[in-house]
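Quick notes on the structure that follows.
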Amino acid sequence: MSARRILLLTGTRTPHRPSRPLAARLADYHPAPDGALPGAACTGAEGDLFYPEPDEDDEITEEVAAAAWWAERRAKMICAGCPVRLMCLARALERHEKYGIFGGMTAAERDALHQRRLRTAARARRALGGAA
């Protein structure tokens, strides 16, 4: 296939690359008024998949723990390919979600990220305060 034909079909000389950069494509995503993120990869997936903690009345056995671990992995794989993953994660951090997987992170991982951000901000304030 000639380069001219590829250019006409795809809008770019390299058919494996889209004509618009990722940032421009992501700018098209806007949250719906009800809080939903249109285009999310988790649309239509089981809700329990994103809340893999076992029920309170379930006895914690190796099988239950393994099922929760696999559910977490599947949810994170869905999130990994999601075009609105970062927006979902940002919203979960803003709302201080205590349970579930949002933006590919568990509650513990989001908590660790929040603590890291706080430490980084405190270091930056100390560095600026010491320089002034």
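How far CG of Leu118 is from CZ of Arg123: 11.0 Å, rounded to the nearest 0.5 Å. Atom CD of Gln115 sits about 12.0 Å away from atom CZ of Arg117, to the nearest 0.5 Å. Cys88 contributes atom SG, which lies 9.5 Å from atom CG of Leu93 (distance to the nearest 0.5 angstrom).
Residues Tyr51 and Ile101 are members of one and the same hydrophobic cluster, defined by side-chain heavy-atom contacts under 4.5 angstrom among Ile, Leu, Val, Met, Phe, Trp and Tyr. Under the 4.5 Å side-chain heavy-atom criterion for ILVMFWY residues, a single connected hydrophobic cluster contains both Tyr99 and Ile78.
The heavy-atom pair separating Ala107 from Glu97 by the smallest distance is CB-O, 4.5 Å. Of all heavy-atom pairs spanning Gly39 and Pro83, the tightest one is O-CG, 3.3 Å. When all heavy atoms of Cys82 and Ala41 are compared, the closest pair comes out as SG-N, 3.3 Å.
The hydrophobic cluster containing Trp69, built from Ile/Leu/Val/Met/Phe/Trp/Tyr side-chain heavy atoms closer than 4.5 Å, also comprises Trp70.
Considering only heavy atoms from C-beta on, Arg110 comes within 4.5 Å of Phe102 through its side chain. Between Arg91 and Leu37, the closest side-chain pair of non-hydrogen atoms falls below 4.5 Å.
A salt bridge (charged side-chain N to carboxylate O under 4.0 Å, His left out) check over residues 61-82, counting only residues at least two apart or in different chains, returns the pairs Glu72-Lys76, Lys76-Glu109.
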